[in-house]
Amino acid sequence: MFSSSILLQILACAVYNNWWPMLSALMYVLVPMPCLFFGGGSTQFLMSRDGGGWIDAAKFLTGASSMGSIAIPIILKHAHMIETGAMLIELVSFFIFVCTVLCFHQASLDDDW
């Protein structure tokens with residue numbers, strides 16, 4: 001699933017011969033960083049109600065970078081820097097990426113693996 005997300009990311013750029021949509025791929029790198037730095041590499045704290053300064057900062061940064069992944073293609077389309085098709089491909093790519101992260105999170109919760 002992650003590979004198809006990256007493939008759609010590249011196709012959004014190559015089909016329309018405009019590489020501005022690749023800017024949102026930077027957010028794919030930034031989304032897991034709060035989990036690595038503040039959560040100890042675990043995603044379990046994202047679903048908990050436990051608080052604390054660093055945990056709340058990690059939740060905020062994860063949410064902000066996730067919203068940035070949606071906002072970048074929309075802003076680029078609004079500024080007439082990319083086509084509507086490229087924006088739609090970028091958004092589909094993001095939602096496939098989110099499904100990949102949720103599947104990984106669910107698989108990491110199961111002890112049977």
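- A continuous path of Ile, Leu, Val, Met, Phe, Trp and Tyr side chains, each step under 4.5 Å between heavy atoms, connects L91 with M81, placing both in one hydrophobic cluster.
- M22 and L7 are not part of a single hydrophobic cluster, where members link through side-chain heavy atoms under 4.5 Å apart.
- In this structure, K77 and T84 have side chains that are in contact, with non-hydrogen atoms separated by less than 4.5 Å.
- The backbone N or O of M1 lies less than 3.5 Å from no partner atom in the side chain of S5, so there is not a single donor-acceptor pair.
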Run the side-chain donor-acceptor check on residues 25-37: report pairs under 3.5 Å with partners two or more places apart or on a different chain.
residue	atom	partner	partner atom	Å
Y28	OH	Q9	OE1	3.3
Y28	OH	S93	OG	3.0
Y28	OH	F94	N	3.3

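- Rounding to the nearest 0.5 Å places CD1 of I82 at 7.5 Å from CG of N18.
- In this structure, L8 CG and S3 OG are separated by 11.0 Å, a value rounded to the nearest 0.5 Å.
- Interatomic distance, OH of Y16 versus CE of M87, reported as 10.5 Å (0.5 Å rounding).
- Separating the CG atom in L11 from the CD atom in E90 is a distance of 10.5 Å, to the nearest 0.5 Å.
- Separating the CG atom in L102 from the CZ atom in F97 is a distance of 10.5 Å, to the nearest 0.5 Å.
- Heavy-atom minimum distance, W19 versus C13: CE3-CB, 3.1 Å.
- I6 is connected to V101 through a chain of hydrophobic side-chain contacts under 4.5 Å among Ile, Leu, Val, Met, Phe, Trp and Tyr, so both are in one cluster.
- Linking Ile, Leu, Val, Met, Phe, Trp and Tyr residues whenever their side-chain heavy atoms come within less than 4.5 Å leaves I72 and I75 in two separate clusters.
- For the ring-ring contact (aromatic ring centres under 6.0 Å, His included) test, no residue two or more places apart in sequence or in another chain qualifies with F95.
- Each of V92 and F2 belongs to its own hydrophobic cluster when Ile, Leu, Val, Met, Phe, Trp and Tyr are linked at side-chain heavy-atom distances under 4.5 angstrom.
- With sequence neighbours left out, S4 forms a side chain to side chain contact (heavy atoms under 4.5 Å, CB included) with I96.
- Taking all atoms of both residues into account, the shortest heavy-atom contact from P21 to A86 is CG-CB, 4.3 Å.
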